[in-house]
There are 2 protein chains.
Amino acid sequence: MSVALQEVRPVAKRALRTEAPAAVSAPDFCRTCALSSACAMVGYGLPELSPLYRLMEHLGPYRAGDAVFHQGDVFEAVYAVRSGAVKTRQLDKDGHEHVLGFYLPGEVIGLDAIYPAQFPCDAIALEDAQFCRFSFPAMSLLATRQPAVQKHLFRLIGQRLGMRQLLSGDYSADERMAAFLVDLGDRYAARGFSATQFRLGMSRGDIASYLCLAAETVSRTLSRFRSQGLIVLRGRALVLQQPETLRALGKNLLAD
Amino acid sequence: MSVALQEVRPVAKRALRTEAPAAVSAPDFCRTCALSSACAMVGYGLPELSPLYRLMEHLGPYRAGDAVFHQGDVFEAVYAVRSGAVKTRQLDKDGHEHVLGFYLPGEVIGLDAIYPAQFPCDAIALEDAQFCRFSFPAMSLLATRQPAVQKHLFRLIGQRLGMRQLLSGDYSADERMAAFLVDLGDRYAARGFSATQFRLGMSRGDIASYLCLAAETVSRTLSRFRSQGLIVLRGRALVLQQPETLRALGKNLLAD
DNA sequence: TTGCGGATTTGATGCCGGTCAATCGCGGGT
DNA sequence: ACCCGCGATTGACCGGCATCAAATCCGCAA
């Protein structure tokens, strides 16, 4: 069975180095990264950008359970996932965990720390993972010189905002679960993987926290989806058998 | 009894006109506006900004129930509330309304439309209201030349993002309601009004939709808060009698 | 002032999903 | 291969909030 999350690793090993501006031969990973446009601005021989050459650096590998940054850390950079999978989570004042999001290769973590300039959450690797770290001051500066980068940043932030708004409605467990699965599939597809076969990198408890449900409800809902033939599920390996039925179920939570 | 929302109107009538760059005599309203820094960049005699003189224009007055913009409209501008109060709402694919937010004088609407460049919601005046409209392309351009404006924009967007994340947790009706009241008070205070005495400009149904509760639950919760001495409520006129108790109740939903 | 319609409050009832608890299954380490 | 332990599943039960319904309040206009 396909294991999408793991297929990324070999590719990521030959990812772009800022010191080696191998423009044309940028690896597959970078082509699908959400920050590729900012990245492309670096190392393409624009003299006025030379102070920004150190905009990006590589981080990792991290092991499952490691934190990339912690709640309360000063915000100095955003992170693009190069390989692996990550969750962000908040500990509330009573110590309860709330998962804010999951991030796949090519996606960007940390944008919600712009205000108030410190991270509102921990970022925890769900499996072995690597990252590209982008200094945010440097990126802001780049944005003032390259309107395309500024536009891209606005876009990335706005995207997260829209997603959050949807999740804050009052929806049933079925709607949330269906939308979650379809959204994951769509995001895998956007990064070049299968939209219907992938591995859930996170525990049932993480999913539950993200969707504001109990872990038992997640489990029950998935079991029912399976008995209805909507999905095939063995452990964390998932196949969406009827993605359009699921999409219809979650339509109010999905953009478009 | 103090009626904060209405006290804004007389002030707003002498608000800044772009055609009359009366720098020093900017009225009280502009001093507390969330976009004042961007506004201040305009009309302060910086020659290189001359093409941006038309960045801002006045809109209104609108009547209660009027829409400032509609779901699906192309995103070309953001709007600062000059007077009155506004809600933004989304109609889902089944036609059910979901209130996304309420906006007081000095606050900014429309930032969540940056991506995908169209408004995800209607903006509806809750009472008579006036606005300042800021062309977003012009403001983006200004941001590339004035890093302070760019920073401010990032900050405003990030602020909304943080607020959304909180509301998407699973909290009880009491927590949501208490946090809602305290947040409103804090926001009035930030704009120079009383933090403990104000008028609820929106219906119970609007509050319910915003907090993902039923209107009856909102009513019952408020009644209980009243019987516990936490608030005094007559119709839509509200006094927070024990703001710190309320703040403690809603602590997990409130920033800081 | 009176009368109307919508908003709000209050009550009765039911359901979805949370909680508690027991069992099962799988993966890792020895 | 065999445990061991945590994650996942399944069942039983319960509670908070939605829903349905009815009464009351309030603003507005004639």
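Only a predicted model underlies this, so the values are computations on that prediction, with no experimental measurement involved. A note on names: the letters A, B, ... follow the listed sequences, proteins ahead of strands, and every chain is numbered from 1.
- Residue contacts for A:Leu213: at a heavy-atom cut-off of 4.0 Å it reaches the sugar-phosphate backbone alone, with no base atom in range.
- Where A:Glu216 and A:Ala173 meet DNA chain C, the nucleotide closest to each residue was compared, and A:Ala173 sits on the side nearer the 5' end.
- Summarising the local packing, CZ of B:Arg236 is surrounded by more than 12 heavy atoms from other residues, nucleotides or ligands at distances under 6.0 Å.
- Taking the charged nitrogens against the carboxylate oxygens, A:Lys87 and A:Glu97 do have a contact shorter than 4.0 Å, which makes a salt bridge.
- Residue-level contact check: B:Ser203 touches the backbone only, with heavy atoms under 4.0 Å from sugar-phosphate atoms and none from bases.
- Counting only distance, with no hydrogens or angles, the side chain of B:Ser209 and the backbone of B:Gly205 share no donor-acceptor pair below 3.5 Å.
- Comparing A:Ala215 and A:Asp170 against DNA chain D, the residue whose closest nucleotide sits nearer the 5' end is A:Ala215.
- When DNA chain D is scanned in the 5' to 3' direction for atoms under 4.0 Å from non-hydrogen atoms of chain A, the outermost contacting nucleotides are D:dG7 to D:dA12.
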For B:Leu211 and B:Tyr171, what are the C-alpha separation, side-chain angles and deciding distance, and is it a side chain to side chain contact (heavy atoms under 4.5 Å, CB included)?
CA-CA 10 Å; B:Leu211 298 178; B:Tyr171 301 100; over 6 Å; no
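- The backbone N or O of A:Leu253 sits nowhere less than 3.5 Å from a side-chain atom of A:Glu175 that would complete a donor-acceptor pair.
- For the salt bridge (Lys or Arg N to Asp or Glu O under 4.0 Å) test, residues two or more places apart in sequence or in another chain that qualify with B:Arg247 are B:Asp186, B:Glu244.
- Within the 4.0 angstrom heavy-atom criterion, only backbone atoms of the sugar-phosphate kind lie near B:Arg236; the bases stay farther away.
- Residue contacts shown for B:Ala214 include a base, since a base heavy atom lies under 4.0 Å away.
- The aromatic rings of B:Tyr79 and B:Phe131 sit perpendicular to each other, their planes meeting at more than 60°, with 30° as the lower class boundary.
- The outermost nucleotides of DNA chain C lying under 4.0 Å from heavy atoms of chain B, listed 5' to 3', are C:dA7 to C:dA12.
- Summarising the geometry, atom CD1 belonging to A:Ile207 is positioned 4.5 Å from atom CZ belonging to A:Phe180; distances are rounded to the nearest 0.5 Å.
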